Novice: 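Dumping the structure here so I can ask a few things about it.
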There are 2 protein chains.
Amino acid sequence: MLTKRAKYGLKALVYIAKNGEEGPVQASKIADAEGLSIKFLESILTTLRKHEFLGSKKGKYGGYFLLQAPSSVRMVDIIRVLEGPIALVPCVSLNYYKKCDDCKDEATCSINKLMVDVRDSTLKVLKNNTLADVAQL
Amino acid sequence: MLTKRAKYGLKALVYIAKNGEEGPVQASKIADAEGLSIKFLESILTTLRKHEFLGSKKGKYGGYFLLQAPSSVRMVDIIRVLEGPIALVPCVSLNYYKKCDDCKDEATCSINKLMVDVRDSTLKVLKNNTLADVAQL
DNA sequence: TTAATTCCTACAATTTTGGTAGGAGTTGCA
DNA sequence: TGCAACTCCTACCAAAATTGTAGGAATTAA
């Protein structure tokens, strides 16, 4: 399951993609519309800003805005930043590889192939969908 | 990511599928072979027994054994018991459905379709693979 | 100057995870 | 009958992750 952090972040990005035509979108607007705690949402938006999905403008009439066209933002990249690995076990993660504590030998690990197959099938969906697709733009 | 509980359980089942020809397999054997804590493993095997993946025999020369042919045990069913939902959000889970706290309206949830697509793609892999496939029997 | 906003640091409650401890009950065999 | 090797059961627990909250500082538009 996704953490709420990741889920809220995804929804926030989609909201901004849909409503960002007329200038920056305020965190409070998003929190209202999606039913989220504003303080928690702020910390998520900060993460997205630091990873250059979002820009921000301070002060009155400030808010958050996309730095790239929605059609060039892949869902997989967002999830990797908000949630971490796509893979179900660390030792088959492409972006967050880590040896499993218990695995004596990765090459002979009994569940390795299955884990790779699941990972690739998930990746396919998440790479083929952009923010524009999900926001139906 | 899978919990260690689920990962250990999967490995244990594969081990039993591979080594269960000559009678029950002891928890201590599995723990040794896979590098797991025996007490923790015991509690996982209990779960698998209660869900009728495994049978057990007490006393000397006792241990655990599969109740069905490996080729008729789907990976998806094991993971559902050990880990819970396959879906990334509760509101698209087929077996563990739960309304999302924040979702006002599921039908208009912006990420619903993506979540369904990911779920189905994962399910396809996990339904097509049985214990026999994974254990290479 | 004021209101509205982001930005920053610190803390904290709750839940989940990943176990451990200690022994009771069962069985096969000498 | 007694011992060794197992499963089975209950209870507990520490660490980590998650999901926030609190309180304000800094910035900006009008």
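Each chain gets a letter, A, B and so on, in the order its sequence line appears, and its residues count up from 1. From a predicted model like this one, the values you see are computed outputs, not experimental measurements.
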Novice: Does B:Tyr61 reach a base, just sugar-phosphate, or nothing at all? Heavy atoms under 4.0 Å.
Specialist: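 Sugar-phosphate contact only.
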Novice: Counting only heavy atoms not in B:Lys18, do more than 12 fall under 6.0 Å of its NZ?
Specialist: yes
Novice: Verify the contact: side-chain N or O of B:Lys29 to OP1 or OP2 of D:dC6, cut-off strictly under 4.0 Å; return yes or no.
Specialist: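 False: B:Lys29 side-chain N/O out of range (4.0 Å or more) of D:dC6 OP1/OP2.
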Novice: Rounded to whole Å, please give me the gap between NZ in B:Lys58 and C1' in C:dT26.
Specialist: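 It works out to 6 Å between those atoms.
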Novice: Side chain of B:Glu42 only, please: which of C:dC7, D:dC8, D:dG20 is the nearest?
Specialist: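 Closest of the options to the side chain of B:Glu42: D:dC8.
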Novice: Distance check needed: D:dA17 P versus B:Leu2 CG, whole Å only.
Specialist: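 Between P of D:dA17 and CG of B:Leu2: 17 Å.
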Novice: For the side chain of B:Lys60, starting at C-beta, report the closest nucleotide among D:dT27, D:dA4, D:dT7.
Specialist: D:dA4
Novice: Nearest to the side chain of A:Ser37, heavy atoms from C-beta on, is which of D:dT18, D:dT21, D:dC6?
Specialist: D:dT21
Novice: Both A:Arg5 and B:Lys50 contact DNA chain D. Taking the nearest nucleotide for each, which residue is further toward the 5' end?
Specialist: B:Lys50
Novice: If you check the A:Ser56 side chain, which of C:dC7, C:dG18, D:dG20 turns out closest?
Specialist: C:dC7
Novice: B:Gln26 side chain: which of C:dG19, C:dG28, D:dT7 is closest?
Specialist: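 The answer is D:dT7.
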Novice: Using a 4.5 Å cut-off on heavy atoms from C-beta on, say whether the side chain of A:Met115 contacts that of A:Cys109.
Specialist: no
Novice: Measure the CG-CG distance between B:Asn128 and A:Asp117 for me, rounded to the nearest 0.5 Å.
Specialist: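 Going from the CG atom of B:Asn128 to the CG atom of A:Asp117 covers 10.0 Å.
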Novice: CG of B:Leu48 versus C1' of D:dC8: gap in Å, rounded?
Specialist: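 Taking CG of B:Leu48 and C1' of D:dC8, I get 15 Å after rounding.
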Novice: Given D:dA29, C:dG18, D:dC8, identify the nucleotide with an atom nearest to the side chain of B:Lys4.
Specialist: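 Nearest to the side chain of B:Lys4 among the choices is C:dG18.
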Novice: Could one point to a donor on the side chain of A:Lys39 or the base of D:dG24 with an acceptor on the other under 3.5 Å away?
Specialist: yes
Novice: Salt bridge or not for A:Lys127 and A:Asp77, using N-O below 4.0 Å?
Specialist: no
Novice: Rounded to whole Å, how long is the line connecting atom CZ of A:Arg49 with atom C1' of C:dC7?
Specialist: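 After rounding, the gap between these two atoms is 7 Å.
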Novice: Looking at A:Ala12, is its backbone amide N or carbonyl O close enough to the side chain of A:Tyr64 to form a donor-acceptor pair, meaning the two atoms are under 3.5 Å apart?
Specialist: no
